[in-house]
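Single-structure report; data block below.
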Amino acid sequence: MDILLLGDRVKEAIYEFVGRRDVEVTLEVPQSPEYGDLSTPYAFKAARVLGRRPLDLASDIRDHLLSLGIDYIADIRVEGGGYINIHLDRNRFYSDYFRRLVEEGLDLFRGRFGEGYVRIEYTSVNPNKAIHIGHARNILLGVALHRLLSSLGYRVHLMNYIDDTGVQMADLMLGFIELNFPLEPPNGMKFDKYCGDVVYVESVRRVEEERRLRDVERKILRALEEGDNPIYEYSRRVAERVVRAQLETCFRLGAKYDVLAWESDLVRSGLHNHLSKVIEASRKIIRVEEGRYAGAVVIKVSEGDEIDPKRDEVIVRSDGTLTYVGKDLVFAMWKLGLLDMHVPVDVFGENPDGSKIFTTRDSGLGYKPDPPDILLNVIGREQTKPQNAIKEVLREVYGEEVGGKYIHYSYELVKLSAESARKYFGVESEKSAVKMSGRRGLYFNVDDVLAKMVEIVYRHMVENKSIASEQEARQVAEKVAVASLMYQLIAIDRDKPIVFDIDKSLDFKGETGAYILYSYVRANSILSNAGESGDFNIDYSLLNMYDLGLSRFIVVAPIVIHSAVKYLEPKYIMTYLYRLAKSFNDFYERCPVLSSTDPVRRYRLAIVRAYASTVELLARLVGLPLVKKM
RNA sequence: GGGCCCGUAGCCUAGCACGGACCAAGGCGCCGGCCUUCGGAGCCGGAGAUCCCGGGUUCAAAUCCCGGCGGGCCCA
């Protein structure tokens, strides 16, 4: 039994009692323990449609619920003019839940919140530079979604799209081909950083300065788009090396991939020829006959005959080339398993867990994605307009059911604080935040940021002499750093831009990932010093309000997990983890465990054990790394 | 200009999905306390809020609706 199951039981009982379900029973856990463990303002809402007074209705519902003798319900009170407050037999309910949680962990939840096949496309960084802090938001959202869904019993397939035919790649290659940058980075610099911070930035600068280089840039770009030529072959070797370097960073963040899909391979395999299918089938897609857009093919979202650039999307230009949206539309069809279209794949490498990463290639076994139940595309919010157009076409051509599977999982940009921009890049700005720019080299690499974080955490541990071996301390510091970065980027609402300030992100005080890990370390310290296990027949009458406060917070976890998966919001788990850790630290200050005498000591050990198990469970659900010492 | 998103103490954020005990919670910063108790990356106390503005719906609005204002993003 857990609070979610109990809540469902209560809901059903109320629906049956009133004989209608049009007014939803919303259950909440009251802030204050004196209002019980579960509460609903249902009587206020339902009173109107039932033509009754809230107080009377609430009383009747209470009497009915009590008459059912639902297990674990000790008392029900009507308070505050109509709230129905359910008080549980806390000794039994908390103890029983804690015991099962500690014994079964994740098994308590696996398969309970739906099942199916989910494809997630994420990361999608151009192969000309290192992963920066803005990409990290994308990657960490993907990681969290993957862990959440796969842990709860969904089959998850992970794809990473790599655009190796764009102008960014062309500019990088211009640096190697025309500006004679050596292929080997200076003194041990990581290859992706070298490409992005040194070669690419310089190429962009030179192209802007020298007209002659624009022609070279165009020539290289054409070679990349056409493929099957020495420039493309060279470029592909460089790009693969960059991607391998990028993946090292992604792995640090907990990422995993099943298939890397390269734009150049998709072009060569003829994927784009399939665009004609949807062009013919859709009435929204039209070939423009005259005017400015003559010869172009356009997704017509707007009403009327005129092309409205504010609303409509060009998918094929007048010269016959595909736009980004056109490419993405046909790619979407492939990812949804709608095309009978195999692309050659080969093994690219391995994930940290040992599973294979496949990559598209010019030859190899043919691969076709299985149709997923949902397709989550983790893409920035700035792409909303083209993403909506794609979805509309899918809806029209393949029906609501298929179109509904296509989800633009969007998030706002990560910007740079003006202070950081000035201090580290010498860029002055009137505004409080600056847009990052790969072209100007105005961004923080994840590797560099993590290195700074690791250094600070490591020094902290050395000062506290908390860990003996240097090697172990380094590993721990890495996890603390990643956890903190993850909290910074995941706990914030996806619709809000994040202003990244390097100095603030290096501060591990307060509401941070480190805080969560620290509380977990404290819990583990108690457990490992205890020398015995707890007693899971807790008698709360012998304990105080802080024991109770932590306990009733632990018990809420199933509700949080349910919301997180229902709304695909890992943020709910992150913010809950922080509040839970806070509750634990309150408990820690006021409730001595080891120095207490039995039975209090063993009751508290059980609570600490339940807390640690909850943190382990939730951390696993979002991919948050944990440490037992720090 | 149009479309979408955001607006909560000096700053950052939670709560908004599903209106309910919210005279609004947490963090940073500021002021003042707590290291002979299980690890102080912690805890306690204090100051700090027209929940952008106006209207509407409702027994009840930070939450829903309408209109404004301000900011962000997008518009081959």
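In what follows, chains are A, B, ... by sequence order, proteins preceding strands, each numbered from 1.
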**Message:** Within the 4.0 Å heavy-atom criterion, would you say A:R381 contacts the bases, only the backbone, or no part of the nucleic acid?
**Reply:** base
**Request:** Is it possible for you to check whether A:R522 lies under 6.0 Å from the centre of the six-membered ring of A:Y588, through NZ or CZ, and within 45° of that ring's axis?
**Result:** yes
**Prompt:** Syn or anti for B:rC30, with syn set at within 90° of 0?
**Reply:** anti
**Prompt:** Does a side-chain N or O from A:Y515 land closer than 4.0 Å to OP1 or OP2 of B:rC43, or not?
**Reply:** yes
**Request:** If B:rU58 has a Watson-Crick or G-U wobble mate with both distances under 3.5 Å, name it; if not, just say none.
**Result:** none
**Item:** Side-chain N,O (A:K582) to OP1/OP2 (B:rG27) below 4.0 Å
**Value:** yes
**Asked** Within 45° of the ring axis of A:F536 and under 6.0 Å from its six-membered ring centre, is that where the NZ or CZ of A:R602 lies?
**Response** no
**Prompt:** Should A:Q383 be listed as having a side-chain N or O under 4.0 Å from OP1 or OP2 of B:rC74?
**Reply:** no
**Asked** What nucleic acid atoms does A:K415 come within less than 4.0 Å of, heavy atoms only: base, sugar-phosphate, or nothing?
**Response** sugar-phosphate
**Request:** Measure the distance between the ring centre of A:Y578 and the centre of the six-membered base ring of B:rG26, then answer whether it is under 5.5 Å with planes under 30°.
**Result:** no
**Short side-chain N/O contact to B:rA41 OP1/OP2 from A:N464, under 4.0 Å** = yes
**Message:** Aromatic contact between A:F113 and A:H562, with the criterion being ring centroids under 6.0 Å apart: yes or no?
**Reply:** yes
**Asked** Given atom CG of A:D503 and atom P of B:rG27, what is their separation to the nearest angstrom?
**Response** 22 Å
**Request:** Could you tell me whether the side chain of A:K415 and the main chain of A:I498 form a donor-acceptor pair under 3.5 Å?
**Result:** no
**Fill in**
Exactly one of A:L626, A:L517, A:N524 clears side-chain contact (heavy atoms from CB on, under 4.5 Å) with A:V615, and that residue is A:L626
**Prompt:** At under 4.0 Å between heavy atoms, what does A:V457 touch on the DNA or RNA strands: base, sugar-phosphate, or nothing?
**Reply:** base
**Message:** Looking at B:rU36, which nucleotide sits across from it as a Watson-Crick or G-U wobble partner, both distances under 3.5 angstrom, or is there none?
**Reply:** none
**Asked** Within the pair A:R311 and B:rC74, is there a side-chain N or O less than 4.0 Å away from OP1 or OP2?
**Response** no
**Prompt:** Which part of the nucleic acid, if any, lies within reach of A:V521 when heavy atoms closer than 4.0 Å are counted: base, sugar-phosphate only, or nothing?
**Reply:** base
**Message:** Please report the distance, rounded to the nearest Å, between CG in A:D495 and C1' in B:rG71.
**Reply:** 15 Å
**Message:** Mind checking if A:M574 touches a base, just sugar-phosphate, or nothing, with heavy atoms under 4.0 Å?
**Reply:** nothing
**Message:** For A:Y487 together with A:Y515, are the ring centres under 6.0 Å from each other?
**Reply:** no
**Contact under 4.0 Å: A:N524 side-chain N or O vs B:rC38 OP1/OP2** = no
**Item:** Counterpart base for B:rG2, defined by Watson-Crick or G-U wobble contacts under 3.5 Å
**Value:** B:rC74
**Request:** Have a look at A:D547 and tell me which of A:R601, A:R552, A:R604 forms a salt bridge (Lys or Arg N to Asp or Glu O under 4.0 Å) with it.
**Result:** A:R604
**Item:** Toward the 5' end of RNA chain B, by each residue's nearest nucleotide, A:K509 or A:F587
**Value:** A:F587
**Message:** Regarding B:rA21, can its base be found pairing with the side chain of A:S39 as donor and acceptor, where the two atoms are less than 3.5 Å apart?
**Reply:** yes
**Asked** With distance as the sole criterion, is a donor-acceptor pair present between the side chains of A:Y35 and A:E79 under 3.5 Å?
**Response** no
**Prompt:** To the nearest Å, how far apart are A:D22 CG and B:rC18 P?
**Reply:** 16 Å
**Asked** What does A:R292 touch in the nucleic acid at a heavy-atom separation under 4.0 angstrom: a base, only the sugar-phosphate, or nothing?
**Response** base
Could you go through nucleotides 13-17 of chain B and list every protein N or O atom that sits under 3.5 Å from one of its N or O atoms, giving the distance for each pair?
from, atom 1, to, atom 2, distance (Å)
B:rA14, OP1, A:D493, N, 2.9
B:rA14, OP2, A:K496, NZ, 2.5
B:rA17, N3, A:Y567, OH, 3.3

**Asked** Counting any heavy atom closer than 4.0 Å, what does A:P592 reach on the DNA or RNA strands: base, sugar-phosphate only, or nothing?
**Response** base
**Item:** Touch class at under 4.0 angstrom, heavy-atom based, for A:D586 against every strand present
**Value:** sugar-phosphate
**Message:** Using a distance-only criterion (donor-acceptor N/O pair, under 3.5 Å, no hydrogens), is the base of B:rA21 paired with the side chain of A:N85?
**Reply:** yes
**Request:** Examine the side chains of A:D328 and A:Q387 and answer whether a donor and an acceptor come within less than 3.5 Å of each other.
**Result:** yes
All N/O pairs under 3.5 Å across the protein-nucleotides 57-64 of chain B interface:
from, atom 1, to, atom 2, distance (Å)
B:rU58, O3', A:R48, NH2, 3.0
B:rC59, OP1, A:R48, NH2, 2.8
B:rC59, N4, A:F44, O, 3.4

**Prompt:** Paired with B:rC23: which nucleotide, if any, by Watson-Crick or G-U wobble criteria at under 3.5 Å for both distances?
**Reply:** none
**Message:** Between the side chains of A:K629 and A:E472, is the shortest nitrogen-to-carboxylate-oxygen separation below 4.0 Å, so that they form an ion pair?
**Reply:** no
**Request:** Using the ring of A:Y458 (Phe, Tyr or Trp, six-membered ring only), decide whether A:R474 places NZ or CZ under 6.0 Å from its centre and within 45 degrees of its axis.
**Result:** yes
**Request:** May I ask you to evaluate whether A:S595 reaches the phosphate of B:rU37, defined as a side-chain N or O under 4.0 Å from OP1 or OP2?
**Result:** no
**Fill in**
When A:E79 and A:K385 are each assigned the nearest nucleotide of RNA chain B, the 5'-most assignment goes to A:E79
**Prompt:** With a 4.0 Å cut-off on heavy atoms, is A:Y588 in touch with a base, just the backbone sugar-phosphate, or nothing at all?
**Reply:** base
**d(CZ, A:F553; C1', B:rG26) in whole Å** = 11 Å
**Asked** According to the Watson-Crick and G-U wobble definitions, with both distances under 3.5 Å, which nucleotide is paired to B:rG10?
**Response** B:rC28
**Request:** Would you mind classifying the nucleic acid contact of A:K310 as base, sugar-phosphate or nothing, using non-hydrogen atoms under 4.0 angstrom?
**Result:** base
**Ring geometry between A:Y572 and A:Y567 (parallel below 30°, tilted from 30 to 60°, perpendicular above 60°)** = perpendicular
